[in-house]
Amino acid sequence: MLNEKYWLNGLSFLMFWLVSQPVWAQADSAHTGLAYSVRHEFADYNEEILYFGKHNQYFTVRIYRKNGILFRTDSYTLLPKTLANGFQLDSISRIIHHGPTKIMYPSGQLYINCEYKEDVLNGPFMAFYEDGTIKRKEFYKSGRLTKSKCYTLDGVEQQCEPFYQPAKFLGKPKDLQNYLGQKLATVLDGERVRRVNASLTINEIGQVIRVSVSVYTAPYYESQVPAVGNYVQQVIRNMPEWTPEKLNWKPAINDGEATSSTCVLSIYRTTSGVQCYMSYRL
């Protein structure tokens with residue numbers, strides 16, 4: 001059954017699965033001019049991917065409930081393997097949210113209407129009650145919320161928190177940086193191993209339930225990737241509780257309810273030592 005509260009970040013896991021796993025599902029495809037579509041049937045939902053553009057670098061993903069009602073539609077762009085500055089992207093980093101997104105209630109009525117630009121929300125963000133009444137009006141500029149208004153079913157304006165509130169690290173960033181520096185200083189030397197990105201899946205109560213790691217090395221040191229990746233996973237999973245008897249993360253909030261989310265922890269070395277930076281996928 002589809003998790004109704006994976007409204008904004010549910011496709012993150014789906015797209016990771018698409019590019020990293022074989023598709024064990026019934027599939028068929030259809031070609032129409034310069035575009036073509038691929039359909040997959042899964043146990044809990046059906047999926048249609050429409051590719052277009054000269055090199056199929058643009059695609060729209062539509063997810064349908066098993067009863068045939070549209071659940072959501074998202075637009076994506078596939079970046080080149082190597083950017084103009086020579087930086088190489090892994091298969092996950094190449095896929096960015098770009099274009100309109102729509103999310104529906106189980107009845108098929110519109111729930112969310114928004115747009116992404118280069119992987120962040122940009123422009124109007126509208127949420128609706130199931131009867132079509134406006135629930136929320138927000139405006140984003142390059143991923144930053146600039147305006148927000150909420151309404152009751154009767155159309156009366158009311159105060160509210162932002163629709164989406166990312167997960168929050170409850171420890172001190174300095175303590176986290178010191179911990180990672182102690183554990184990874186010999187591994188992340190800045191020459192052979194240059195940078196590590198760890199994607200942490202944080203569940204509805206603030207537990208880290210999944211860690212996936214991308215390792216960036218100098219040429220000819222690619223053989224170190226599996227060992228370094230496994231070690232970084234262990235270091236993150238064995239992270240101490242920064243506040244005794246409390247989890248390290250406050251879960252993300254989506255339309256007033258806790259939801260699973262992803263934190264990307266970028267770890268790299270500078271002249272002053274190992275540094276880290278946290279970002280959150282919306």
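Since we're looking at a predicted model, the values are computed, not measured. Just so you know, residue 1 is the first one in the sequence shown, and it goes up from there.
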Measure across Cys114 and Leu121 and return the closest heavy-atom pair with its distance rounded to 0.1 Å. SG-CD2, 3.8 Å
Restricting to non-hydrogen atoms, name the atom on Ala198 and the atom on Ile236 that form the minimum distance, rounded to 0.1 Å. CB-CD1, 3.4 Å
Which residue is it: Tyr111, Phe128, Tyr129? I am looking for the one with a ring-ring contact (aromatic ring centres under 6.0 Å, His included) to Tyr105. Tyr111
Can you list everything that forms a side chain to side chain donor-acceptor pair (under 3.5 Å) with Ser93? Sequence neighbours excluded, please. Asp90
Mind checking whether His97 and Tyr76 have ring centres under 6.0 Å apart? yes
Phe163 and Leu145, any side-chain heavy atoms less than 4.5 Å apart: no
Can you tell me how far the CD atom of Gln57 sits from the CZ atom of Arg94, to the nearest 0.5 Å? 10.5 Å
Check whether any side-chain N or O of Arg72 sits under 3.5 Å from a backbone N or O of Met104 as a donor-acceptor pair, and report yes or no. no
Roughly how far apart are Thr259 OG1 and Ile253 CD1, rounded to 0.5 Å? 8.5 Å
When you measure from the side chain of Arg65 to the backbone N and O of Phe71, does any donor-acceptor pair fall under 3.5 Å? no
How far does CZ of Arg210 sit from CZ of Arg237, to the nearest 0.5 angstrom? 9.0 Å
Where do Pro251 and Gly206 come nearest, in terms of heavy atoms and distance? CB-N, 4.0 Å
Does the side chain of Asn203 come under 3.5 Å of the side chain of Ser260 through a donor N or O and an acceptor N or O? no
Can you tell me if Asn122 uses its side chain to pair, donor with acceptor, with the backbone of Ser142 under 3.5 Å? yes
I need the minimum non-hydrogen distance between Ile134 and Tyr151, along with the two atoms involved. O-CB, 3.6 Å
Apply side-chain contact (heavy atoms from CB on, under 4.5 Å) to the pair Glu118 and His98, showing each step before the final yes or no. CA-CA 5 Å; Glu118 297 180 351; His98 192 86; 4.0 Å; yes
Do Lys135 and Asp255 meet the salt-bridge criterion of a basic N to acidic O distance under 4.0 Å? yes
Do Tyr277 and Val196 share a hydrophobic cluster, counting only Ile, Leu, Val, Met, Phe, Trp and Tyr and linking them when any side-chain heavy atoms are less than 4.5 Å apart? no
Any salt bridge between Arg136 and Glu138, counting N to O under 4.0 Å? yes
Closest contact, heavy atoms only, Gln165 versus Pro162: NE2-O, 3.6 Å
With a 6.0 Å cut-off on ring centres, are Phe52 and Phe59 close enough? no
Is there a side-chain contact between Lys66 and Asp44 (heavy atoms, below 4.5 Å)? no
Leu184 and Leu176: same hydrophobic cluster, using ILVMFWY side-chain contacts below 4.5 Å? yes
Taking side-chain contact (heavy atoms from CB on, under 4.5 Å) as the definition, give me every residue that meets it alongside Thr186, ordered by chain and number, with sequence neighbours left out. none
For Glu130 and Ser107, which I'm curious about, is there any donor-acceptor pair between the side chains at under 3.5 Å? yes
Would you mind writing out the side-chain donor-acceptor pairs for residues 222-235 within the sub-3.5 Å range, not counting sequence neighbours?
from   : atom 1 : to     : atom 2 : distance (Å)
Glu222 : OE1    : Tyr220 : N      : 3.0
Asn230 : ND2    : Pro226 : O      : 3.3
Tyr231 : OH     : Lys183 : O      : 2.8
Gln233 : NE2    : Val211 : O      : 2.6

Considering all heavy atoms of both residues, which atom of Pro106 and which atom of Ile69 are nearest to each other, and what is their separation? O-CD1, 3.5 Å
Would you please name every residue forming a side chain to side chain donor-acceptor pair (under 3.5 Å) with Arg195, sequence neighbours left out? Asn197
Would you indicate whether the side-chain heavy atoms of Ser261 and Tyr164 approach each other to under 4.5 Å? yes
May I ask you to test the Leu83-Leu89 pair for a side-chain heavy-atom distance under 4.5 Å? yes
Per-pair distances, 0.1 Å, donor-acceptor, side chain in residues 239-249, under 3.5 Å, sequence neighbours excluded:
from   : atom 1 : to     : atom 2 : distance (Å)
Glu241 : OE1    : Glu245 : N      : 3.0
Asn248 : OD1    : Trp242 : N      : 3.0
Asn248 : ND2    : Pro240 : O      : 3.0

Check: Val156 main-chain N/O paired with Asp154 side-chain donor or acceptor under 3.5 Å: no
Please list, chain by chain and in numerical order, all residues satisfying disulfide bond (SG atoms under 2.5 Å apart) with Cys276, sequence neighbours excluded. none
How long is the straight-line distance from NZ of Lys250 back to CD1 of Ile205, given to the nearest 0.5 Å? 15.5 Å
Going by heavy atoms in the side chains, are Thr201 and Val208 under 4.5 Å from each other? no
Is any side-chain heavy atom of Thr73 closer than 4.5 Å to a side-chain heavy atom of Val61? no
Consider only side-chain heavy atoms of I, L, V, M, F, W and Y, link residues closer than 4.5 Å, and tell whether Leu265 and Tyr268 are in one cluster. no
Which value, rounded to the nearest 0.5 Å, describes the distance between Ile112 atom CD1 and Thr101 atom OG1? 10.5 Å
Hydrophobic cluster identity match, Val274 and Phe169, side-chain contacts under 4.5 Å: yes
Step through the shown structure and confirm whether more than 12 heavy atoms of other residues, nucleotides or ligands are within 6.0 Å of CD on Gln158. yes
In this structure, CG of Leu79 is separated from CD1 of Ile96 (nearest 0.5 Å) by 4.5 Å
What's the verdict on side-chain contact (heavy atoms from CB on, under 4.5 Å) for Asp131 and Leu153, showing C-alpha distance, side-chain angles and the deciding distance? CA-CA 9 Å; Asp131 67 354; Leu153 266 169; 3.8 Å; yes
Treating Ile, Leu, Val, Met, Phe, Trp and Tyr as nodes and any side-chain heavy-atom pair under 4.5 angstrom as an edge, say whether Phe139 and Tyr116 lie in one connected cluster. no
pair Arg62-Leu70: side-chain heavy atoms closer than 4.5 Å: yes
